[in-house]
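Heads up, the thing below is written out as structure tokens.
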2 protein chains.
Amino acid sequence: MTDVVPEIATADGPPRRGRPPVSEEQRQRQRLDISRHAVRLFAEQGVAGTSGEQIAQAAGVSERTFWRYFPHKESCVEPLLTRSVDAFCAVLRAWPADLELIDHLREAYTPVVDSSSDEDVDAVLDVVRLTHGEPALRAVYLMLHERAEAALVDVLARRLGQPSGAIDVRVQAAAMSAVLRVATDDVAQATVGGVTADMLDGHREQLARALSLVLRGLAQAVGG
Amino acid sequence: MTDVVPEIATADGPPRRGRPPVSEEQRQRQRLDISRHAVRLFAEQGVAGTSGEQIAQAAGVSERTFWRYFPHKESCVEPLLTRSVDAFCAVLRAWPADLELIDHLREAYTPVVDSSSDEDVDAVLDVVRLTHGEPALRAVYLMLHERAEAALVDVLARRLGQPSGAIDVRVQAAAMSAVLRVATDDVAQATVGGVTADMLDGHREQLARALSLVLRGLAQAVGG
DNA sequence: CAATTATTGGCAGCATCTGCCAAGAAGCGC
DNA sequence: GCGCTTCTTGGCAGATGCTGCCAATAATTG
């Protein structure tokens, strides 16, 4: 967001000296890498059966730095899951004012993860499936969707010309994020034996249809 | 659920001997009592600043039995929160087929908690407010609402004559539970300085209106 | 009271997570 | 290259979270 080229000093302070902090991007990549290892271990031996030490070892970092990257071991699934949820939010942010939502999604949305490797698609779906039967992971999943909800509030408030605190905006955003969650759970359940492009397309249609229905009802509330 | 009078043996087995297990009801009362102490401590010194030992001491039980009643210390808020969510689900279950939802709620719903002491009403609202700024509590809150969502799925499936796995039913239930959550957060925010009956009535109206809007859009999907 | 079963509390012990500090890494100017 | 500065890393100690095990006790029946 507020990036500056590392050469120049931050704002007007004294010129930077010493080792520069690692870039946020690199940090995210590190977290994602650990996340992949953690998810594999969680799937193999359950969450309770995997210790932080084990994850750290698998990822090739010390236990201490592992705990620096993740406050709780369950949050290891966050980097992978975020990719899926954030992709959806990004598409919503780019929703043109003169286009029906359903058409925009058909145009711009690739479900689960956008522009990502096949392995990550599988990994994300694995995590979603894991969240059933692993309450701790489910809690992380739900928290993530609530973060998405906050993003949707911003999008909808701007689109509807209402303050982001407006109750109608918040209801609409909550309903949309709930629909996204149900649809995601659904596609994860449907793809236990492997995922095909057809399935993802079906998911998009289902999601678009359900979202349209929710919005149809709510649009009347805000005079749409 | 599968209750039997303690006098008689369970089913056809040998007649019961020895100390009978404590009733589920009494267990719930014990949990609720601990819950009240925990919430007070959480509010006073934060979740991180309150140890399980402290809660146990305040509630007058040993630490060991405390951990037997609650698997994680954050779940201490569950018994109190459950009262609120369960009350809503119970009202929904009693929703007559020939009545508009909004009218049924006006007739049968008392927001936050039904038939409970004033102190508990305040305590529930305190917890809801605490969930902002205390992510661990928020996670419990969200998990609870997802349990409510499952209950709503049953209600809606029966009402609409659809299987409970139907995607439309699940979407509708998810949207409703999301609306309940937003409305509850809203009333908690509005009642920081104390709650009056007027506020709760306003909350019911707001909830009823938002639910009607969500259902209006979704009803067309299932041919309502 | 004896026998039986459930709950409780204490203790040991592993897992989770944090604070602190020393070692090393990566940039700077010389 | 060599200092100088700042950041990251890893190791260690320690508090808290949480579980398994066992002895003590409570509540029931015969």
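First the proteins, then the strands, lettered A, B, ... as listed; each starts at 1.
In this model, a side-chain donor or acceptor of Arg19(A) finds a partner on the base of dA25(C) within 3.5 Å.
Remark: His72(A) is not in phosphate contact with dT16(C), judged by side-chain N or O atoms under 4.0 Å from OP1 or OP2. Phosphate proximity of dT16(C) to Lys73(A): present, with a side-chain N or O under 4.0 Å from OP1 or OP2. Between dT7(C) and Tyr69(B), no contact under 4.0 Å exists linking OP1 or OP2 to a side-chain N or O. The phosphate of dC18(D) (OP1 or OP2) has no side-chain N or O of Arg68(B) nearer than 4.0 angstrom.
Taking a 4.0 Å limit (strictly below) on heavy-atom distances, residues 53-67 of chain A reaches DNA chain D at Ser62(A), Arg64(A), Thr65(A). DNA chain D lies under 4.0 Å from no heavy atom of any residue of residues 24-35 of chain A.
By the 4.0 Å N-to-carboxylate-O rule, Asp126(A) lies too far from Arg40(A) to be salt-bridged with it. Classification of Arg29(A) and Glu25(A) as a salt-bridged pair holds, one side-chain N sitting under 4.0 Å from a carboxylate O. Salt bridge status for Arg170(B) with Asp185(A): absent, with no side-chain N to carboxylate O gap under 4.0 Å.
Taking atom CZ on Arg17(A) and atom P on dT5(D), their separation rounds to 6 Å, with Å as the unit.
Residue-environment remark: CD (Glu53(A)) stays at or below the threshold of 12 foreign heavy atoms within 6.0 Å. Within a 6.0 Å radius of CD in Glu44(A), more than 12 heavy atoms belonging to other residues, nucleotides or ligands are found.
In this structure, a donor-acceptor pair under 3.5 Å is absent between the side chains of Gln26(B) and Gln30(B).
Not a single donor-acceptor pair under 3.5 Å links the side chain of Arg83(A) to the backbone N or O of Val121(A). With Arg138(B) contributing its side chain and Met143(A) its backbone, the two residues share no donor-acceptor pair below 3.5 Å.
Judged by closest nucleotide on DNA chain D, Pro71(B) is the one of Gly18(B) and Pro71(B) placed further toward the 5' end.
Of all nucleotides listed (dC7(D), dT8(C), dT7(C)), dT7(C) comes nearest to the side chain of Pro21(B).
Relative orientation of the His145(A) and Tyr141(A) rings is perpendicular, given thresholds of 30° and 60° on the angle between their planes.
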